[in-house]
Amino acid sequence: MKKVLITGATSGIGRELALQYAALGHRVALVGRREEKLVALKEEIGDLAYIHPLDVTDFNEAQRVYQHLIDEMGGMDIMILNAGVGIAKMLPPWRADKNTIEVNVVAFAHGAHFAFDYFTKQGHGQIVGMSSLAAHLAIGSAAAYTASKHFISNYMIGFRQKAKHVDADIHITDIRPGFVKSEMTARGRNMFWVAETDKAVQQMIKAIQNKRKVVYITKRWRLVALLVKCVPQFVWDRI
Ligand SMILES: NC(=O)c1ccc[n+]([C@@H]2O[C@H](COP(=O)([O-])OP(=O)(O)OC[C@H]3O[C@@H](n4cnc5c(N)ncnc54)[C@H](OP(=O)(O)O)[C@@H]3O)[C@@H](O)[C@H]2O)c1
C-alpha cells in the first residue's frame with residue numbers, strides 16, 4: 001500500500017487520481033481550495049482518504065498542511081504536484097497571468113522542494129509533476145500557461161539531476177497530457193483527441209508505477225511532441 005499526496009484533487013485529473021489510487025487500496029492525502037469538494041470525495045472514498053483545504057500559493061500554510069496530512073496518513077511515498085490553472089485569452093489582465101505563475105510555477109516549485117527534502121530525509125520517494133504538451137508550445141492566448149509548463153518540465157530535469165547528489169532513491173516523473181476532460185478543458189475550444197479522464201488517469205498511474213521519467217497522455221501526443229520540437233523559432237514568431 002502506497003501513501004500518495006495529491007494537490008489539486010477537487011476536480012478533473014486530481015480527483016480521478018484520488019479515486020483510482022484509493023480503488024487500488026492506496027492511502028491518499030488530498031488538497032485543493034474547495035472544501036465541499038474534498039468533503040464529498042472523502043465521503044466517496046472513505047477511510048483511505050485524508051483531506052485538508054489548501055491554497056497552494058499560501059506557502060507557510062502549505063508546508064504545515066502537507067506535513068499534517070503526511071502525519072495523519074502515516075508517511076508519504078509519492079507526491080503528485082497536479083494543482084494548476086490556465087485561461088485562454090489573447091489579452092488577459094495581468095492578475096490572470098500572475099495567478100498562473102503563482103500556482104503553476106511558484107507553488108509547483110515550493111511543492112517540489114517540500115517533497116525533495118522529505119524524500120531525502122526518508123531515503124526514498126517519487127515526485128510527480130503535472131506538466132503538459134504545452135511544455136513544447138508557445139501560444140499567445142495562453143502565454144503564461146505554456147511558459148509555466150516549460151518551467152515545470154525543465155525544473156524536473158534539474159530535480160532528477162539533484163537526486164543523483166543525495167543519498168536517497170528519489171524518482172521524478174514528468175507527466176505531459178494533451179487534452180483530458182476536466183473543468184479546465186470544459187471551457188476550452190478547438191480541442192481534439194480529448195481523452196476521457198478515467199482512461200488518461202489509468203495511463204498516468206501505470207507510468208508512475210513504472211517510475212517513467214517522462215510520459216505523454218494519451219500516448220499519441222508523443223508523436224505531436226516530436227513534430228512540435230522540429231518547429232523553428234521563426235514559425236512560432238509568426239503564429
Ligand atoms: N485537462 C487537460 O487537458 C490538461 C492537459 C495538460 C495538463 N493539464 C494539467 O493537469 C492539472 C490538473 O488540471 P485539470 O485539467 O484536472 O483541471 P481542473 O479540473 O481545473 O483541476 C485543477 C485543480 O487545481 C486546483 N487548484 C487550482 N488553483 C489552486 C490553488 N491556488 N491552490 C490549490 N489548488 C488549486 C483546483 O482546485 P481548487 O479550485 O479547489 O483549488 C483543481 O483541483 C493542471 O496542472 C493542468 O495544467 C491538464
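Counting starts at 1 for both ligands and their atoms, in listed order. From a predicted model like this one, the values you see are computed outputs, not experimental measurements.
- A heavy-atom cutoff of 4.0 Å around ligand 1 is satisfied by the protein residues Gly8, Ala9, Thr10, Ser11, Gly12, Ile13, Gly32, Arg33, Arg34, Leu54, Asp55, Val56, Asn82, Ala83, Gly84, Val85, Val103, Met130, Ser131, Ser132, Tyr145, Lys149, Pro177, Gly178, Phe179, Val180, Ser182, Glu183, Met184, Thr185.
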Atom pairs and distances, side-chain donor-acceptor, residues 85-102, under 3.5 Å, sequence neighbours left out:
residue : atom : partner : partner atom : Å
Lys98   : NZ   : Glu102  : OE2          : 2.9
Thr100  : OG1  : Ala96   : O            : 2.9

* Asked: So Thr7 and Asn82, side-chain hydrogen bond (donor to acceptor under 3.5 Å, both in side chains) or not? Walk me through it.
  -> CA-CA 5 Å; Thr7 69; Asn82 166 73; 5.4 Å; no

Donor-acceptor pairs under 3.5 Å, side chain of residues 28-39 to any protein atom, not counting sequence neighbours: which ones?
residue : atom : partner : partner atom : Å
Arg34   : NH1  : Glu183  : OE1          : 3.1
Arg34   : NH1  : Glu183  : OE2          : 3.3
Arg34   : NH2  : Thr10   : OG1          : 3.2
Arg34   : NH2  : Ser11   : OG           : 3.1
Arg34   : NH2  : Glu183  : OE1          : 3.3

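- Here the side chain of Asp77 pairs no donor or acceptor atom with the backbone of Lys2 at under 3.5 angstrom.
- Pairs passing the salt bridge (Lys or Arg N to Asp or Glu O under 4.0 Å) check and including a residue from residues 193-220, sequence neighbours excluded, read Lys181-Glu196.
- Looking only at distances, a side-chain donor or acceptor of His150 sits under 3.5 Å from a matching main-chain atom of Ala135.
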